[in-house]
Amino acid sequence: MFRYVLAILLVGVLTYGLVKAWPLIVGPSLVIISPIDYASYPSGIVSVSGIARRSAELTVNGAPVLRAEDGAFTTVLTFPRGGSILTFTAIDRFGRTVTAVRNIFVP
């Protein structure tokens, strides 16, 4: 009987530890809501938004972007005529990175 209780307790402790450590194991995540890839922006003004979870740093084309506590970010950028590439990079505190790329066009 004691072995079963000990085994159940051990499995519970290991499961709890895995659930708490999961964000550290999987690394950063990055979801880009706007801009849509290959979209056209006649005014040249682009609203950039998304969510960067479990990241210590977020950059767009190398420039840092401020995030809310939940990882949400939004900023407005202007672009010249022609095509532009936006490179989003999220880096966690262990140096792991995730990158997303969006192409836009200003006629």
Side-chain angles (χ1 to χ4, degrees):
M1 177 71 172
F2 177 73
R3 288 182 185 177
Y4 294 118
V5 172
L6 186 61
I8 291 171
L9 183 62
L10 182 61
V11 168
V13 168
L14 288 174
T15 302
Y16 176 78
L18 182 61
V19 167
K20 288 297 184 178
W22 189 251
L24 298 174
I25 295 170
V26 296
S29 71
L30 183 59
V31 176
I32 306 303
I33 298 168
S34 173
I36 298 170
D37 208 13
Y38 299 107
S40 179
Y41 294 89
S43 66
I45 299 173
V46 179
S47 176
V48 175
S49 64
I51 301 170
R53 291 198 172 96
R54 299 180 304 275
S55 66
E57 180 182 347
L58 173 67
T59 61
V60 177
N61 292 347
V65 176
L66 296 176
R67 299 173 320 276
E69 192 171 314
D70 64 352
F73 64 90
T74 185
T75 188
V76 176
L77 302 173
T78 57
F79 292 92
R81 291 181 187 265
S84 294
I85 299 173
L86 284 82
T87 304
F88 299 82
T89 305
I91 304 170
D92 72 358
R93 62 184 175 164
F94 302 110
R96 296 178 291 191
T97 64
V98 63
T99 303
V101 176
R102 294 294 185 266
N103 299 282
I104 62 165
F105 181 72
V106 178

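Note that the structure is a prediction, hence the values are computed from the model and not measured.
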Does Val76 reach the side chain of Ile45, with side-chain heavy atoms less than 4.5 Å apart? yes
Residues Arg67 and Ala52: closest non-hydrogen pair is CD-CB, 3.9 Å
For Ser29 and Arg54, the nearest pair of non-hydrogen atoms, with its separation, is CB-NH2, 3.6 Å
Value for CG (Leu10) from OG1 (Thr15), rounded to nearest 0.5 Å, stands at 9.0 Å
Check whether any side-chain heavy atom of Val60 sits under 4.5 Å from a side-chain heavy atom of Leu77, and report yes or no.
yes
So CZ of Phe73 and OG of Ser55: to nearest 0.5 Å the spacing works out to 9.0 Å
**Study point:** More than 12 heavy atoms of other groups within 6.0 Å of Ile85 CD1
**Key:** no
Exercise. Please test Leu30 against Leu58 for side chain to side chain contact (heavy atoms under 4.5 Å, CB included), starting from the C-alpha separation and ending with a verdict.
Key: CA-CA 9 Å; Leu30 183 59; Leu58 173 67; 4.0 Å; yes
| Hey, quick one: are Ile32 and Val98 part of the same hydrophobic cluster, counting side-chain heavy atoms closer than 4.5 Å, chains of contacts allowed? | yes
Show every donor-acceptor pair shorter than 3.5 Å between a side-chain atom in residues 34-41 and any protein atom, with sequence neighbours excluded, or say none if there are none.
| residue | atom | partner | partner atom | Å |
| --- | --- | --- | --- | --- |
| Ser34 | OG | Ser47 | O | 2.6 |
| Asp37 | OD1 | Asn103 | N | 2.6 |
| Asp37 | OD1 | Asn103 | ND2 | 3.4 |

Minimal heavy-atom distance between Thr59 and Glu57, with the atoms involved, is CG2-OE2, 3.6 Å
Closest heavy-atom pair, Asp92 versus Pro28, reported as atoms and distance to 0.1 Å, is OD2-CD, 3.5 Å
- ILVMFWY network linking Val48 to Ile51, side-chain heavy atoms under 4.5 angstrom: no
| query | Does atom CG of Leu66 have more than 12 heavy-atom neighbours from other groups under 6.0 Å away? | reply | no
